[in-house]
Amino acid sequence: MTDSIMSKAATMEIPINSNGDTGTLPEDDSLEQAAKLQWSLDEKVGSSRGTRDLQQVMVSGPNLNETSIVSGGYGGTAEGIIPTSSIKGPAVRYNAEFNKRIQVSGLGSNMHHSSSSSSMTAEETTRGVAVEKLETMKKWGLNTYKCTKQMISERFGRGSRTVDLELEAQIEVLRDTKRKYENVLRLARALTNHFYNMVQTQHALGDTFADLSQKSPELRDEFGYNAETQKLLCKNGETLLGAINFFVSSINTLVNKTMEDTLMTIKMYENARLEFDAYRSDLEELSMGPRDAVAMARIEAAQQQYQVQKDKYERLRSDVTIKLKFLEENKVKVMHKQLLLFHNAISAYFAGNQQQLEQTLKQFNIKLRPPGADKPSWLEEQ
């Protein structure tokens, strides 16, 4: 009797409610096994919200249809293994709505899209720069070809050129004047160097005479007079050097800055003249050809280029004319002042007129304070 009751207890089914939960049987190990299974599934999901969340979140897990629950509570045999296929209740299913509640960061996608946009922008910029450079090189090559062709034609007497006789004569005069003024500047610099060396020699000679005057009592007066004379000459020489240096500086500014600036404008004018004649010759050649649709389009484009070069040529010609006029006025004004300064300074120096020499520097606003100018002479110190 007892054996039959134990057999029934070992093989009895575990009641399952509608939610899939096991019923409560007191002092039964099957309840403990079911609780352990429930706990392990909750731990995998990482949720403490119970069996309902488990059913929503679990994507893969133990299949209840393939799980067996052992009820060996009273030493029952293998017949106590209960297949879960006999359990009535809903199985674990995947809830797709749960993923919608989880916010997924889109940083990776945004970074990839941003890097792609940046690379595309950089590529487009590089391509645009390359196309622009290619177009510039194309225009430069075409312009160079036309100008070279025009230059060769002019040298061999086959092509015509635009000539402004009056302006060309003024330009030639300016170039000749610049060459002559450069020669004056070279000679004035040479005079400055030689005169500077002479002044330094006079200074050294005066010091030597003064030293000998101290060491030769019998010739003290003679050495003293010569020492004083050399020191006075040295002082006047330094004053004259100041005037000559001012003269050289003014001539250098006139030649290497003012005239050079005008010559640079003249060079731009001559280049514009060559380009103008090149496009003019090209337009004339096209005008003498056929007059079909393609030729007319080329003639129209050549006419536009010709007009652009003509405007540039006329503008630069006007600039050259104005600069030549101002340069001539400035040259006369500057050279009048500098030549008068040079003449008065040289005359006063070789005449031995120290007061006139100093007055000349004051007249032309030359502030000069040579070394030793305020120093008393050797005789005054005695």
Side-chain angles (χ1 to χ4, degrees), residues 132-133 135-186 188-189 246-287 298-339:
E132 184 178 357
K133 288 184 177 180
E135 189 67 21
T136 303
M137 290 295 295
K138 180 180 177 181
K139 292 181 180 180
W140 176 83
L142 182 61
N143 184 71
T144 303
Y145 166 74
K146 290 182 178 181
C147 293
T148 304
K149 179 181 177 182
Q150 177 66 22
M151 186 184 300
I152 295 175
S153 299
E154 291 178 2
R155 289 187 177 181
F156 285 94
R158 298 178 182 177
S160 61
R161 55 170 296 180
T162 303
V163 179
D164 189 333
L165 296 178
E166 183 179 358
L167 188 60
E168 293 290 337
Q170 293 178 4
I171 292 173
E172 187 61 32
V173 169
L174 173 60
R175 286 172 174 163
D176 183 64
T177 302
K178 185 174 183 293
R179 286 191 293 267
K180 293 179 179 179
Y181 276 46
E182 287 175 344
N183 189 38
V184 171
L185 181 61
R186 180 181 60 83
R189 284 174 174 171
F246 186 77
F247 174 81
V248 170
S249 176
S250 300
I251 300 299
N252 180 66
T253 301
L254 178 64
V255 173
N256 294 323
K257 292 185 178 180
T258 308
M259 290 185 178
E260 188 65 27
D261 178 71
T262 305
L263 289 174
M264 288 296 296
T265 306
I266 291 173
K267 186 176 181 180
M268 294 172 59
Y269 158 75
E270 291 176 344
N271 292 336
R273 196 276 311 164
L274 183 62
E275 292 178 357
F276 167 69
D277 285 338
Y279 282 92
R280 177 182 56 79
S281 300
D282 186 42
L283 179 60
E284 291 175 355
E285 291 179 2
L286 291 175
S287 300
R298 295 180 60 186
I299 290 174
E300 184 178 357
Q303 181 69 34
Q304 295 177 357
Q305 293 292 332
Y306 166 78
Q307 189 63 37
V308 171
Q309 297 299 328
K310 181 180 179 181
D311 295 341
K312 180 180 178 182
Y313 165 72
E314 291 179 351
R315 184 181 70 253
L316 287 173
R317 181 177 62 179
S318 177
D319 292 345
V320 169
T321 303
I322 294 173
K323 283 195 173 186
L324 285 173
K325 180 180 179 181
F326 286 144
L327 175 62
E328 184 64 24
E329 296 176 356
N330 188 34
K331 181 193 70 174
V332 172
K333 182 179 179 180
V334 170
M335 292 307 299
H336 174 76
K337 179 180 179 180
Q338 297 303 319
L339 291 174

request  = Kindly indicate, with the supporting measurements, whether the criterion side-chain hydrogen bond (donor to acceptor under 3.5 Å, both in side chains) is fulfilled by Ser160 and Arg280.
outcome  = CA-CA 10 Å; Ser160 61; Arg280 177 182 56 79; 3.2 Å; yes
Is there a side-chain contact between [X] and [Y], using heavy atoms and a 4.5 Å cut-off?
{"X": "Val332", "Y": "Glu328", "result": "yes"}
{"X": "Arg161", "Y": "Val163", "result": "yes"}
{"X": "Tyr279", "Y": "Lys310", "result": "no"}
{"X": "Phe326", "Y": "Ile322", "result": "yes"}
{"X": "Arg273", "Y": "Asp164", "result": "no"}
{"X": "Ile251", "Y": "Val334", "result": "no"}
{"X": "Tyr269", "Y": "Leu167", "result": "yes"}
{"X": "Val255", "Y": "Glu260", "result": "no"}

request  = Would you confirm whether Asp277, through its side chain, and Thr162, through its main-chain N or O, come within 3.5 Å as a donor-acceptor pair?
outcome  =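 Here the side-chain-to-backbone pair exists.
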query = Between the main-chain N or O of Arg317 and the side-chain N or O of Thr321, is there a donor-acceptor pair closer than 3.5 Å?
reply = yes
[X] [atom1] to [Y] [atom2] distance, which is reported to the nearest 0.5 Å:
{"X": "Tyr306", "Y": "Leu286", "atom1": "OH", "atom2": "CG", "answer": "13.5 Å"}
{"X": "Ile171", "Y": "Lys267", "atom1": "CD1", "atom2": "NZ", "answer": "14.0 Å"}
{"X": "Lys331", "Y": "Tyr181", "atom1": "NZ", "atom2": "OH", "answer": "4.5 Å"}
{"X": "Ser249", "Y": "Leu254", "atom1": "OG", "atom2": "CG", "answer": "11.0 Å"}
{"X": "Met151", "Y": "Leu274", "atom1": "CE", "atom2": "CG", "answer": "5.0 Å"}
{"X": "Ile266", "Y": "Gln170", "atom1": "CD1", "atom2": "CD", "answer": "9.0 Å"}

ask   = Please walk me through it: do Glu275 and Asn271 pass side-chain hydrogen bond (donor to acceptor under 3.5 Å, both in side chains)?
value = CA-CA 6 Å; Glu275 292 178 357; Asn271 292 336; over 6 Å; no
Check against side chain to side chain contact (heavy atoms under 4.5 Å, CB included), Asp261 and Lys323 = CA-CA 9 Å; Asp261 178 71; Lys323 283 195 173 186; 3.0 Å; yes
query = Please walk me through it: do Glu314 and Phe276 pass side chain to side chain contact (heavy atoms under 4.5 Å, CB included)?
reply = CA-CA 10 Å; Glu314 291 179 351; Phe276 167 69; over 6 Å; no
request  = Of all the heavy-atom pairs spanning Leu283 and Ile299, show the shortest one and how long it is.
outcome  =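 In this case the closest contact between Leu283 and Ile299 is CD1-O, 3.9 Å.
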remark   = Taking every heavy atom of Phe247 against every heavy atom of Ala188, the minimum-distance pair comes out as CE2-CB, 4.0 Å
task = Carefully, step by step, assess Met259 and Thr262 under the rule side chain to side chain contact (heavy atoms under 4.5 Å, CB included).
result = CA-CA 5 Å; Met259 290 185 178; Thr262 305; 5.7 Å; no
key: Whether over 12 other heavy atoms sit under 6.0 Å from Glu166 CD   = no
message = Can you tell me which residue among Arg189, Glu182, Lys257 is in a side-chain hydrogen bond (donor to acceptor under 3.5 Å, both in side chains) with Asn252?
response =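 Single side-chain hydrogen bond (donor to acceptor under 3.5 Å, both in side chains) partner of Asn252 among Arg189, Glu182, Lys257: Arg189.
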ask   = Between Lys180 and Asp176, does a salt bridge (Lys or Arg N to Asp or Glu O under 4.0 Å) hold up when you go through it step by step?
value = CA-CA 6 Å; Lys180 293 179 179 179; Asp176 183 64; 3.3 Å; yes
ask   = Would Leu316 and Glu270 satisfy side chain to side chain contact (heavy atoms under 4.5 Å, CB included), going step by step from the backbone distance to the final call?
value = CA-CA 9 Å; Leu316 287 173; Glu270 291 176 344; over 6 Å; no
